[in-house]
> 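I'd like to ask you about the structure that follows.
So that the names make sense, note that chain A is the first sequence line, chain B the second, and so on, each numbered from 1. As a basis for the values below, the full set of heavy atoms in this structure was taken, side chains included, without hydrogen atoms, waters or symmetry mates.
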Protein chains: 2
Amino acid sequence: MITVKPSDRTAAPKPASIYDVAKRAGVSIKTVSRVVNRQSNVSDATREKVMEAVDALSYRPNIFARGLASERSFLIGLLYDNPSAGYIAAMQVGVLTRCREEGYHLIVESLDAANPNIGRQVHSLVTESSLHGVILTAPLCDSQAVIDALNRANCPFVRIAPEKHLPGASDVRIDDFKAAYDMTAYLIGLGHRRIGFIKGHPGHGAAQARFAGYRSALEHAGLPLEEELCVQGFFSYQSGLEAGEKLLTLKNRPTAIFAGNDDMAAAVLACSQRFNLKIPHDLSVAGFDDSLVAQVVSPRLTTCRQPIREMAEAAVSMLIQRSANDGPVERQLDHELVVRESTVPPPGAT
Amino acid sequence: MITVKPSDRTAAPKPASIYDVAKRAGVSIKTVSRVVNRQSNVSDATREKVMEAVDALSYRPNIFARGLASERSFLIGLLYDNPSAGYIAAMQVGVLTRCREEGYHLIVESLDAANPNIGRQVHSLVTESSLHGVILTAPLCDSQAVIDALNRANCPFVRIAPEKHLPGASDVRIDDFKAAYDMTAYLIGLGHRRIGFIKGHPGHGAAQARFAGYRSALEHAGLPLEEELCVQGFFSYQSGLEAGEKLLTLKNRPTAIFAGNDDMAAAVLACSQRFNLKIPHDLSVAGFDDSLVAQVVSPRLTTCRQPIREMAEAAVSMLIQRSANDGPVERQLDHELVVRESTVPPPGAT
DNA sequence: AACGCATATGACAACGCTGCCATCATACCC
DNA sequence: GGGTATGATGGCAGCGTTGTCATATGCGTT
C-alpha cells in the first residue's frame with residue numbers, strides 16, 4: 001500500500017559541480033571559485049556571467065571539497081550538555097538563522113561535561129572536522145577543560161550566557177546586574193517594600209550579579225537590605241520550594257518574591273498554594289530568564305527575558321568575523337522586563 | 001584583565017593523518033583505511049598493529065576527505081521547522097547518541113515548511129553535502145514537497161511521529177490508537193463513566209487514531225459514546241480552552257476529560273479554575289505526549305509518553321542500516337502511560 | 001610441479017575545490 | 001619608449017581519504 005515510484009529512485013542526482021558552472025560561463029574553474037567566494041579581482045562582466053550560470057545550475061559548492069582544500073570549513077559547532085530544552089531550541093534557531101545567511105552549516109554535538117576525557121573529545125572533534133568555530137552553552141561553557149582544548153586547537157569559540165568567568169574566553173551575555181536592578185526597581189515602583197530574594201547557585205557569576213542588582217536597587221530606593229528576606233537557592237525547582245517555604249513562614253512575610261530564575265519562581269507559586277496565598281493578590285512573584293516555565297504556570301510569571309536568539313546570532317557573527325588570534329571579546333545584549341500576571345501592587349496599596 | 005597565554009595560540013594543531021598512522025603501523029594507508037572502516041581481508045595481526053597506532057595518535061578520519069572520496073558522508077541531517085522546543089531537544093539527544101556510537105555527525109537545518117521553494121532548498125542541501133540520510137520532524141515530515149525532493153535526491157529519510165500519512169515515506173511512531181485506548185481504559189478503571197474527549201486537529205492521522213482508541217475503549221467497557229462529550233480541538237492551547245469551556249458548561253458534566261495532547265489538557269486545567277473545579281478532586285484530566293507542559297502545570301498531568309529519544313535513536317539506526325533503494329518502512333515503538341496527580345477516581349467513588 | 005583460488009596488501013587515480021604562482025593585458029610613470 | 005605597478009585570469013598541485021585494480025602470498029588439487 002505504501003509504495004515508491006521507481007522513477008523516483010533510479011535517477012542519479014549529481015549536483016552541478018564547479019566544472020559545469022565554469023563551462024557554462026565560459027571561464028576557468030578558478031574564476032568561478034573567486035566569484036563564489038566573493039573575492040576581488042574579478043571584472044563585473046565576468047562576475048555576472050558566472051552568477052548567472054550558478055543560478056541556472058543551482059550550484060552550491062561541495063562542503064567536503066571546500067573543507068578539504070581550504071582551511072575554511074564553513075562549519076560551526078554547537079556544543080552542549082543537557083541544558084534546558086527551551087533554551088537550546090531558542091539558541092539553535094538563532095544560530096541557524098545566521099548560519100544560513102552566511103552559507104555556513106551547523107554541526108551539533110552533545111557532550112558530557114563531567115567526563116574526564118572531555119578535553120580530548122573536544123579537541124579531536126574540532127580538529128578532525130576543522131570547525132570554523134564553536135558555540136558553547138552552559139554548563140560546557142563553564143568548563144576550563146573545554147576552553148583549554150579549544151585554545152589548544154586554535155579554534156575560536158564564543159560562550160553564551162556563561163555563569164562563571166573564565167580567562168581567555170569570548171562571551172555573549174546580558175547585564176545580569178542591571179536586569180535584576182530593573183526588576184527590583186519595578187517591584188518597588190509597584191509599591192512593594194518587603195521584597196524577598198531567592199539567590200541562585202553560589203559560584204555562578206550570574207547569580208551573584210543578580211543578587212548585587214537587587215541590593216543596589218533597594219539601596220537606591222532607600223530601602224533596608226534585610227537578611228531574613230534573602231535566602232539561598234541553587235537555581236533548581238526543589239531549592240526554590242525550600243526557599244519559598246522559608247520566606248513564607250516568616251512572621252513578617254514579604255509582599256513580593258523575586259527569584260533568581262524562573263524554575264525557583266515557579267516553585268514559589270506551587271509553595272504559596274500550601275500557605276493559601278493567592279498569587280498575585282496576596283503575593284507578587286517574579287522570576288528570571290523567561291524560560292518556557294514562565295509562560296505555562298498560572299498565573300504566568302513576570303520575568304526578565306534574555307534574548308537568547310539574538311545572543312546566538314551575535315555569537316555566530318562574532319565567530320565568522322573574528323579569527324582565533326584575536327583576543328577574547330565580551331559582548332552584552334539588552335535584556336527585557338516581561339511583565340505578566342504574577343506581579344501587582346501589594347495588598348492594601350492604593 | 002582577560003588574557004590568553006600566547007603559547008595556547010601559536011601551536012599549529014595538525015591532527016594525525018592516515019599517513020602518520022600508516023607509517024607508525026608499518027603498513028600502507030590503504031590498509032589503515034580498511035581497518036578503520038571495519039572491512040574484511042585484514043589479518044588479525046595487522047589489524048591490531050593499526051589499531052594500536054590509531055589509539056596512540058588519537059587518529060580520527062577527516063570527514064571532508066572521507067566525504068569527498070566516498071559516497072558515504074557520515075553526516076545525518078536533522079530538518080525541522082519550528083517545532084516545540086522540548087520536542088526537538090529530546091529528539092536531538094536521541095539522534096546524537098546514536099550518531100556518536102556510529103561515528104556519524106549531525107547537521108541541523110531549520111527550514112520553513114511554508115516556503116514554496118522548500119523542495120529546492122532541501123534538494124540542494126542534501127546533494128551538496130551528500131547527507132547519508134535525513135530525519136524529518138513535524139511539520140516538515142508532513143510536507144509532500146520535502147518528501148519528493150528527498151526521493152528525487154535519492155536520499156533516505158525517516159519521519160518521526162508524522163501526523164499525516166504520506167506515500168513513499170519511512171516512519172517511526174507509536175501506536176496512537178492503542179495508547180489512547182490504554183489511557184481511556186485506565187480512566188474507566190478508576191471508575192469514570194462520563195469521560196470527555198477533546199479531539200486533535202482533523203486531518204492529522206494521529207489525532208484520528210487517538211479518537212478511535214478512545215471510542216474503542218468505551219465500547220469494550222460497554223460504555224456509550226456520547227456525542228456531547230466529544231468536542232473538536234486543534235492541538236493548540238487556545239482550542240483546548242474553548243473545548244474545555246464547552247465540556248464544563250454541560251448540564252451533566254464529565255468526571256474526567258481526556259485531551260488529545262498536553263497543551264489542550266493544560267488549557268482544561270486553566271479553564272476549570274474559572275468553573276471553581278478542583279483538579280483532580282472534582283475533575284480528572286489526562287493529556288497526551290508527556291511534553292514539558294505536562295510536568296510544570298499544577299497538578300502535573302497524567303499523560304501518555306512518546307519515547308521521543310528512543311524514536312530518534314531508532315530513526316538513526318534505520319538510516320544507517322538502510323539504503324535509499326529499500327522500500328519505505330514503518331517502525332512502531334511502545335508508549336507509556338504516565339500517571340501523575342491530575343487523575344483520581346471520580347467524586348463519590350468508593 | 002604446475003595450476004587455480006582465496007586471502008592479504010599495496011599503488012595509484014580520483015573526488016571537487018582552493019592556494020599559489022604564472023601569465024597577460026592595460027595603464028601609468030620618469 | 002622602456003620599466004613597473006595593477007587588475008584579471010588560468011594552470012596546476014595538493015588537501016586526506018576511498019575505489020579500483022594489480023600484486024604477492026599461502027594452500028589445496030591434480
> Starting at atom CG of A/Asn62, determine the distance to atom C1' of D/dC15, rounded to an integer number of angstrom.
13 Å
> Any donor and acceptor pair, going by atom type alone, linking the side chain of B/Ser317 with main-chain N or O of B/Glu313 inside 3.5 Å?
yes
> Please give, in whole Å, the distance from C/dC15 C1' to B/Ile63 CD1?
16 Å
> To the nearest Å, give me how far apart OH (A/Tyr59) and P (C/dG16) are.
10 Å
> With respect to the phosphate group of C/dA14, does any side-chain polar atom (N or O) of A/Tyr19 fall under 4.0 Å of OP1 or OP2?
no
> Less than 4.0 angstrom between a side-chain N/O of A/Arg66 and OP1 or OP2 of C/dT18, yes or no?
yes
> For B/Gln39 and D/dT18, give me the distance from atom CD to atom C1', rounded to whole Å.
8 Å
> Would you be so kind as to tabulate the donor-acceptor pairs closer than 3.5 Å made by side chains of residues 54-64 of chain A, with sequence neighbours excluded?
residue: A/Ser58; atom: OG; partner: B/Arg120; partner atom: NE; Å: 3.2
residue: A/Ser58; atom: OG; partner: B/Arg120; partner atom: NH2; Å: 2.6
residue: A/Asn62; atom: OD1; partner: A/Phe64; partner atom: N; Å: 2.6
residue: A/Asn62; atom: OD1; partner: A/Ala65; partner atom: N; Å: 2.9

> What is the distance from CG of A/Leu57 to C1' of C/dG16, rounded to the nearest Å?
15 Å
> Starting at atom CD1 of B/Ile18, determine the distance to atom C1' of D/dT18, rounded to an integer number of angstrom.
8 Å
> Does the pair A/Asp171 and A/Arg331 meet the rule for a side-chain contact (heavy atoms from CB on, under 4.5 Å), with working shown?
CA-CA 6 Å; A/Asp171 301 339; A/Arg331 173 122 180 245; over 6 Å; no
> Using five pairs at each end of the helix from C/dA1-D/dT30 to C/dC30-D/dG1 to define an axis, what is the angle between those two axes, to 10°?
50°
> Minimum heavy-atom separation for B/Ala53 to B/Ala25, with atom names?
CB-CB, 4.0 Å
> side-chain hydrogen bond (donor to acceptor under 3.5 Å, both in side chains) between A/Tyr80 and B/Gln92: does it pass, once the steps are laid out?
CA-CA 11 Å; A/Tyr80 66 76; B/Gln92 219 166 268; 3.0 Å; yes
> If the cut-off is 4.0 Å, is A/Ser70 near the phosphate of C/dC17, judged by side-chain N/O to OP1 or OP2?
no
> In whole angstrom, what separates B/Glu48's CD from C/dA8's P?
15 Å
> Can you check the A/Phe64 CZ to D/dT18 P distance for me, whole Å?
13 Å
> Contact between A/Ile147 and A/Arg159 at the side-chain level, heavy atoms closer than 4.5 Å - yes or no?
yes
> Can you name the atoms? Protein N/O to nucleotides 6-12 of chain D N/O, anything below 3.5 Å, with the distance.
residue: D/dA8; atom: OP2; partner: A/Asn41; partner atom: OD1; Å: 3.4
residue: D/dT9; atom: OP1; partner: A/Ser43; partner atom: OG; Å: 3.3
residue: D/dT9; atom: OP1; partner: A/Thr46; partner atom: OG1; Å: 2.5
residue: D/dT9; atom: OP2; partner: A/Ser43; partner atom: N; Å: 2.9
residue: D/dT9; atom: OP2; partner: A/Ser43; partner atom: OG; Å: 3.4
residue: D/dT9; atom: OP2; partner: A/Thr46; partner atom: OG1; Å: 3.3
residue: D/dT9; atom: O4; partner: A/Arg34; partner atom: NH2; Å: 3.4
residue: D/dG10; atom: OP1; partner: A/Ser28; partner atom: N; Å: 3.3
residue: D/dG10; atom: OP2; partner: A/Ser28; partner atom: N; Å: 2.9
residue: D/dG10; atom: OP2; partner: A/Ser28; partner atom: OG; Å: 2.8
residue: D/dG10; atom: OP2; partner: A/Thr31; partner atom: OG1; Å: 2.3
residue: D/dG10; atom: O5'; partner: A/Ser28; partner atom: OG; Å: 3.4
residue: D/dG10; atom: O6; partner: A/Arg34; partner atom: NH2; Å: 2.8

> Would you please test A/Glu52 and A/Arg24 for salt bridge (Lys or Arg N to Asp or Glu O under 4.0 Å) and show each step?
CA-CA 9 Å; A/Glu52 193 205 11; A/Arg24 180 171 178 125; 5.5 Å; no
> Does B/His132 have its ring centroid less than 6.0 Å away from the ring centroid of B/Phe74?
no
> Can you name the closest pair of heavy atoms from A/Val42 and A/Gln39 and give their distance?
CG2-O, 4.1 Å
> Remember a base hit wins even if backbone is also touched, and classify B/Phe74 as base, sugar-phosphate or nothing at under 4.0 Å, heavy atoms.
nothing
